[in-house]
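These notes concern the structure reproduced below.
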Amino acid sequence: MPVISFASPKGGVGKSTSALLLATGLTAAGASVTVIDGDPNRTVEGWATSAEHPGFKWLRLPSDDEIIDAIEEAAEKTQFVIVDLEGTANLAMARAISRTDLVIIPLQASPVDARQASRAIKMVMAQAKELRRDISYRMLFTRVNPAIATRDEKEIRSQFQEASIPALKVALNERAAFRAMFTHYQSLWDLHDEAVNGLGKAKANATEFVREVTQTIRDLRAAGQGQAA
Ligand SMILES: Nc1ncnc2c1ncn2[C@@H]1O[C@H](COP(=O)(O)OP(=O)(O)OP(=O)(O)O)[C@@H](O)[C@H]1O
Ligand SMILES: [Mg+2]
């Protein structure tokens, strides 16, 4: 079953938030998901252990020697495996990526973030070269102002296009509801309208994100790419 890893060396770009949105979007649609938490701040672990979440399993990223077995085992047990990686180039990252169907590299729409994101792409490319296989990745714009697509976002998107760097069409907006998941230890689908501003729009945004990711995986498999193709 598909393994999706979130990676970027830049801190605070929304790796854990996006990973949790994808995971909970999938469980809300009835799928089973394991999140492997490789964030030293244990963001997903903190969320997951604070309440019951049906269909949602998590585990800590194990030691380097056990990573591949842990991912393969999780992929047998649940329909999706999502890995929240720290994003620095190390053995854990290399091993996790070697078992990944799609790497998602979140970035904020700023030139500084775009440069840092290119380091993440280089890491993925280096890993692909070592493994002698394609590793698919997509950039994901995060924390985007929902009211306006900024000039920076448009500019960076066109630079990506020129350099044939693939990006998801959907961007995750800056939304209080995405932060509220961590305040209330609930998924967007369990939060209540009175508790959070803009919940409906946040859910629509997250649903679109989940849809594009799952479609991307289907397309990659149809094209014969990805682990289980
Ligand atoms: N789309 C969003 N809308 C609103 N807040 C967001 C969004 N994405 C992330 N945040 C907030 O930004 C902060 C950093 O996000 P997050 O922890 O997901 O980033 P990260 O890349 O996992 O960071 P780290 O590198 O420290 O692991 C958090 O406070 C989170 O709540
Ligand atoms: Mg994180």
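FYI, the numbering just counts along the sequence from 1. What you see is a predicted model, and the numbers here were worked out from it, not measured in a lab. Read the numbers this way: they start at 1 and go in the same order the structure lists the ligands and their atoms.
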Among protein heavy atoms, which lies nearest atom 19 (O) of ligand 1, and at what distance?
Gly14 N, 3.0 Å
The complete set of side-chain hydrogen bond (donor to acceptor under 3.5 Å, both in side chains) pairs with one or both residues in residues 163-188, sequence neighbours excluded, reads Arg143-Glu174, Asn173-Asn205, Glu174-Arg179, Ser187-Asp190
Between Asp84, Asn205, Leu172, Asn173, flag the one that comes closest to atom 1 (N) of ligand 1 by a heavy atom.
Asn173
Phe80 side, atom CZ; Asp101 side, atom CG - distance, nearest 0.5 Å:
10.0 Å
So for ligand 1, is Ala176 a polar contact partner (N or O within less than 3.5 Å, distance only)?
no
Other residues, nucleotides and ligands only: do more than 12 of their heavy atoms fall within 6.0 Å of CD on Glu66?
yes
Sub-3.5 Å donor-acceptor pair from the side chain of Thr17 to the main-chain atoms of Gly14, do we have one?
no
Polar proximity ligand 1 side, Phe178 side, N/O cut 3.5 Å exclusive:
no
Below 4.0 angstrom from a heavy atom of Gly11, which ligand 1 atoms are there? Numbered from 1 as shown, please.
25 (O)
Short N/O/S contact of Thr43 with the Mg ion (ligand 2) (below 2.8 Å):
no
Indicate whether atom 14 (C) of ligand 1 is within a distance of less than 4.0 angstrom of some protein heavy atom.
yes
I'd like the name of whichever of Leu85, Asn41, Val44 reaches closest to atom 26 (O) of ligand 1 through any heavy atom.
Asn41
Note the single closest protein heavy atom to atom 30 (C) of ligand 1, along with its residue, its atom name and the distance in Å.
Thr17 OG1, 3.8 Å
Among protein heavy atoms, which lies nearest atom 23 (O) of ligand 1, and at what distance?
Gly12 N, 3.0 Å
Is the Trp47 ring parallel, tilted or perpendicular to the His53 ring (thresholds 30°, 60°)?
parallel
I need the minimum non-hydrogen distance between Leu220 and Ser136, along with the two atoms involved.
CD2-OG, 3.4 Å
Heavy-atom pair of closest approach, residues Leu102 and Thr100:
O-CG2, 3.2 Å
Ligand 1-proximal atoms of Thr142, by part, heavy-atom distance under 4.0 Å
neither
So does Asp37 pair up with Arg60, basic N to acidic O under 4.0 Å?
no
Looking at ligand 1, does Val13 have a heavy atom less than 4.0 Å from it?
yes
Looking at Asp39, which of its N, O or S atoms is the nearest one to the Mg ion (ligand 2)?
OD2
Output the list of atoms in ligand 1 that are nearer than 4.0 Å to some heavy atom of Ser16, sorted by atom number.
18 (O), 20 (P), 22 (O)
Among Lys15, Arg179, Arg143, Arg175, whose heavy atom sits nearest atom 25 (O) of ligand 1?
Lys15
Do Leu22 and Phe182 belong to the same hydrophobic cluster, where Ile, Leu, Val, Met, Phe, Trp and Tyr are linked whenever their side-chain heavy atoms lie under 4.5 Å apart, directly or via other members?
yes
Under a 4.0 Å heavy-atom limit, does Asp39 contact ligand 1 with its side chain, its backbone, both, or neither?
side chain
Donor on one side chain, acceptor on other, Ser16 and Asp39, under 3.5 Å:
yes
